[in-house]
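Quick notes on the structure that follows.
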Amino acid sequence: MLSHTRALVGAARRGELAEVADTARAALAAMREMLRGLADGGDGGPLAPSPSAADLDALCQALRSAGREVRLRGLPEAARGLPPSTQVSVYRIVEAALGAGDPGPARVTLRRRRGTLRITVTGVRLAVAGPVAERLRVQVAAGEGRIACEPAGRLRVSLPAGAPGAPVQEVSPSPYA
């Protein structure tokens, strides 16, 4: 698709309007094909929903089933009422840390206080340096958070979480409204 864009810009600079139109049509066709592939989920089925912090329990259970001791503390209280983008970020951060390749025991702790969600993952030496650490830094920065990678294999992340959601109370409509 980028090749179409480059060709389009080049043709426009040269003033070749017929080529601009042809290249734009080719770029749009490529974009439609890419979007069609995304909508199919790549295997012909619909896309799965994005994972959320609530899915961390299943992630940890899958790792335990594969033989790795992983403990999770703080769900569901800490994740309650988080914005959807933060929900996905929490899952992806923990997934990347636990998926770095460490075989030993790990612990994931979520705490929420004063509008901040704190994620601590221990037992992840391979996640605190190299490409996994860089991926984590980018993910955390996208969520406007902070990250600390400790050489001992501890990852500390703080993400803005907003105020905890207040319980919703249904109120009958007023007959005077």
Interatomic distance, Arg112 atom CZ to Leu110 atom CG [nearest 0.5 angstrom]: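 Rounded to the nearest 0.5 Å, the CZ-CG separation comes out at 10.5 Å.
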
How long is the gap from OG1 on Thr122 to CZ on Arg107, to the nearest 0.5 Å?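 The distance works out to 4.5 Å.
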
[Y] side chain reached by [X] side chain, heavy atoms, under 4.5 Å:
| X | Y | result |
| --- | --- | --- |
| Arg92 | Pro51 | yes |
| Val132 | Leu126 | no |
| Arg71 | Glu69 | yes |
| Ser89 | Gln139 | yes |
| Gln87 | Pro83 | no |
| Thr120 | Val108 | no |
| Glu95 | Leu59 | yes |

Start with the C-alpha gap between Glu19 and Arg14, add the side-chain angles, then the distance that decides, and say whether salt bridge (charged side-chain N to carboxylate O under 4.0 Å, His left out) holds. CA-CA 10 Å; Glu19 188 177 338; Arg14 292 187 303 273; 3.4 Å; yes

Picking from Ile93, Leu56, Val121, what satisfies side chain to side chain contact (heavy atoms under 4.5 Å, CB included) with Leu98?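 Filter result, single survivor: Val121.
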
If you take all heavy atoms of [X] and [Y], which pair is closest and at what distance?
| X | Y | value |
| --- | --- | --- |
| Cys60 | Val70 | SG-CG1, 3.5 Å |
| Ala96 | Leu136 | CB-CD2, 3.8 Å |
| Ala53 | Val90 | CB-CG1, 3.9 Å |

Per-pair distances, 0.1 Å, donor-acceptor, side chain in residues 141-158, under 3.5 Å, sequence neighbours excluded:
unit_1 : atom_1 : unit_2 : atom_2 : d
Glu150 : OE2    : Arg156 : NE     : 2.7
Ser158 : OG     : Arg118 : NH1    : 3.1

Give a yes or no answer on whether the side chain of Arg68 reaches the backbone of Leu63 with a donor-acceptor pair at less than 3.5 Å.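 Side chain of Arg68 to backbone of Leu63: no pair is present.
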
Criterion side-chain contact (heavy atoms from CB on, under 4.5 Å) on Arg111 and Ile119, from CA distance to verdict: CA-CA 7 Å; Arg111 289 191 185 141; Ile119 307 164; over 6 Å; no

Val88 and Leu82: same hydrophobic cluster, using ILVMFWY side-chain contacts below 4.5 Å?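 The answer is no; the residues belong to distinct hydrophobic clusters.
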
